[in-house]
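Contents: one structure, followed by commentary.
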Protein chains: 2
Amino acid sequence: MAISGVLNRLSSTLPTLANSEARIARWILENPRQLVDLTVKDLAHITGSSQAAVIRLCKSIQVSGYQGLKVSVVADIAREERPTGSRFLEIDPNTPLSSSIQSLKRHTIMGINRTLNDMRESDIDRMVQHLKQARWIVAYGIGASAVVVKDFQQKLWRLGLPVFCTEDFHIMATIVGQLTKDDIFMAVSYSGETAEVLELTQLAHKRGAFVTVLTRFDRKNPLARLADLPIYIYAYEASPRIGASSSLISSLTAMSALLFALANTFAESAQAKLSDTLDAVRSHRVTLPSSDTPDGEI
Amino acid sequence: MAISGVLNRLSSTLPTLANSEARIARWILENPRQLVDLTVKDLAHITGSSQAAVIRLCKSIQVSGYQGLKVSVVADIAREERPTGSRFLEIDPNTPLSSSIQSLKRHTIMGINRTLNDMRESDIDRMVQHLKQARWIVAYGIGASAVVVKDFQQKLWRLGLPVFCTEDFHIMATIVGQLTKDDIFMAVSYSGETAEVLELTQLAHKRGAFVTVLTRFDRKNPLARLADLPIYIYAYEASPRIGASSSLISSLTAMSALLFALANTFAESAQAKLSDTLDAVRSHRVTLPSSDTPDGEI
DNA sequence: AATAAGCTGAAATAAAAATTCATGCGAAGT
DNA sequence: ACTTCGCATGAATTTTTATTTCAGCTTATT
């Protein structure tokens with residue numbers, strides 16, 4: 001937590017970086033340990049670029065500056081987490097199933113790790129504050145992201161928070177058009193490029209609501225640019241990635257972390273509320289309350 | 001000296017340090033995390049000493065300079081951040097957030113591992129055969145499990161398979177009442193005790209449909225008993241487990257594995273179908289097809 | 001062909017780190 | 001009691017490092 005995840009960011013931003021910056025990023029990914037002893041000038045020289053390019057790279061991956069980069073890379077190394085394996089899962093009938101499933105597992109776990117490592121405690125706190133104080137919490141995502149939103153809604157309801165969501169664009173537009181600065185709008189879209197989501201996020205922004213988004217890290221990600229507080233999701237999957245749900249799972253995990261922090265802040269009453277809602281649900285269970293079934297899941 | 005053990009060095013050198021340096025060392029030992037954002041001047045000011053003193057301290061503990069100090073401290077912190085924590089996630093305001101999140105991560109990953117490790121290849125194959133041959137695939141889950149079902153549906157649709165699902169019990173009852181031995185009924189319920197799900201699963205079973213369930217492993221699990229082919233989900237979470245989505249994520253992962261295997265069996269046409277559906281979705285993207293955005297996610 | 005958009009590194013500026021050095025203080029020697 | 005020495009200290013300076021600016025250049029766009 002706290003300071004970290006820069007290697008993730010480097011590799012996920014790599015494709016959209018300008019040449020000079022990409023060259024530097026690649027070098028760092030290959031020789032992260034050596035970075036510690038280099039100055040901006042050294043690094044520029046080694047990678048055959050300029051000091052300006054190094055600084056631009058720092059901005060691109062959104063760290064505070066060259067020192068910030070160094071410090072983050074060191075933290076990443078110290079945590080020693082560099083996963084192995086190929087970047088993408090591919091559909092290939094010749095791959096034996098068991099090894100496909102192994103990759104599936106590895107990729108999913110990698111996504112979870114990176115997503116959680118990249119979340120800043122201060123961001124989580126800010127988010128929690130806003131969630132608690134919001135007059136309305138409005139969440140929007142369509143397609144696969146709708147699943148994430150739905151889960152979010154269910155969990156906030158359990159805590160008694162005023163959250164609203166629907167996949168219906170028109171209904172949502174009506175709602176978003178009425179948002180004020182006392183409300184939160186949360187957009188979910190891994191690509192950050194879904195037209196409907198962008199449109200409503202823009203509207204929410206214009207209305208002055210606090211805008212938060214769950215999306216992939218990319219400097220050019222248009223959705224992230226609209227956010228007061230973006231939360232970045234890391235996922236690894238096949239190009240035509242049927243089956244794999246890495247981005248979905250990473251998103252759910254990020255939400256979990258948020259909700260967990262939220263529940264922490266009003267632990268006493270949270271316990272009570274949860275008991276209430278669970279009791280309500282339990283009456284639809286077949287077995288008795290004495291069952292050893294873990295609560296809260298259906 | 002590489003990167004390491006500087007906090008130790010600081011405390012062991014402390015007794016022999018000059019006053020001004022000792023004051024700085026003590027401050028660092030007390031607030032190591034804050035050091036990251038400070039310059040020499042800042043630190044000198046905070047500790048009421050001078051820049052020269054800070055530099056002297058660096059020399060005293062034999063690091064290369066102020067940047068070296070910073071980097072080493074960060075590495076130390078990062079290393080200490082190793083996950084800790086108990087078997088269960090609890091809502092407890094006293095647990096520091098970062099360690100809660102470490103547990104969250106560990107628990108989630110544990111669930112994924114166990115779930116995937118427990119899946120038998122022969123079961124997956126059988127499942128895939130049935131999915132391909134089914135006249136209708138009907139999936140049912142409510143509450144949190146509805147999220148899983150919805151994801152399943154979206155993915156099967158992309159492959160052009162005839163899947164139907166709704167959370168509405170009555171509609172679902174109407175459908176299930178018409179199932180035949182040529183259909184698949186898939187029930188999702190982590191507890192295996194949800195009344196609605198059990199009732200419809202019973203009905204599907206009676207109608208002779210092939211019944212498969214996603215549920216937790218338990219000898220007495222009533223849902224599992226009704227299944228022709230049960231798939232077991234493993235999850236680890238706190239008792240009142242707001243926030244954590246371990247069972248949800250494990251379920252999604254199991255589904256992923258199934259779908260992945262399924263897509264593998266008709267790789268050629270799967271590729272084509274996927275391209276078609278992705279093209280359809282892409283027209284709602286803001287950017288052009290040349291975008292580097294990974295496909296298939298919204 | 002004209003224009004815009006955006007990379008790029010050289011050079012200038014700003015900021016930070018490291019050194020130098022005059023000062024002061026206390027202990028040891030006379 | 002007074003000098004001398006050793007060394008701790010921070011103000012001021014120098015050196016190094018990071019960051020910004022900008023003009024030229026490439027590459028798409030119309």
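Computed over heavy atoms, backbone and side chain alike; hydrogens, waters and symmetry mates excluded. Just so we're on the same page: letters track the sequence lines, and every chain starts at 1.
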Could you check how far CG of Asp37(A) sits from C1' of dA17(C), rounded to whole Å? 16 Å
In this structure, how many angstroms lie between the P atom of dT19(C) and the NZ atom of Lys41(B), rounded? 18 Å
For a quick test of reading the model: is some side-chain N or O of Gln67(A) closer than 4.0 Å to OP1 or OP2 of dA18(D)? yes
Between dT19(C) (P) and Arg56(B) (CZ): distance, integer Å: 11 Å
Tell me the interatomic distance from His45(B), atom NE2, to dG10(D), atom P, rounded to whole angstroms. 13 Å
Expressed as a whole number of angstroms, how long is the span from Tyr66(B):OH to dT19(C):P? 16 Å
Just how far, in rounded Å, is C1' of dT13(D) from CD1 of Ile55(B)? 14 Å
Remember a base hit wins even if backbone is also touched, and classify Lys59(B) as base, sugar-phosphate or nothing at under 4.0 Å, heavy atoms. sugar-phosphate
What distance separates Leu226(A) CG from Leu203(A) CG, expressed to the nearest 0.5 Å? 11.0 Å
Where the side chain of Ser50(B) is defined as all heavy atoms beyond and including C-beta, which of dG10(D), dA17(C), dT8(C) is the nearest nucleotide? dG10(D)
Looking at Asp151(B) and Lys155(B), is any side-chain nitrogen of the basic one under 4.0 Å from a carboxylate oxygen of the acidic one? yes
Please determine whether a side-chain nitrogen of the Lys or Arg among Lys220(A) and Asp218(A) lies less than 4.0 Å from a carboxylate oxygen of the Asp or Glu. no
NA contact type, Ala52(B), heavy-atom cut-off 4.0 Å: base, sugar-phosphate, or nothing? base
Return yes if some donor-acceptor pair links the side-chain N/O of Ser49(B) with the main-chain N/O of His45(B) below 3.5 Å, else return no. no
With a 4.0 Å cutoff (strictly under), does any side-chain N or O of Gln51(A) reach OP1 or OP2 of dA10(C)? no
Tell me whether the side-chain N/O atoms of Ser20(A) come closer than 4.0 Å to OP1 or OP2 in dT8(C). yes
Could you state the interatomic distance from CZ (Phe210(A)) to CG (Leu131(A)), rounded to the nearest 0.5 Å? 8.5 Å
When rounded to whole Å, the NZ to P distance for the pair Lys70(B) and dA17(C) reads 6 Å
Atom CD1 of Ile24(B) to atom P of dG10(D): distance rounded to whole Å? 8 Å
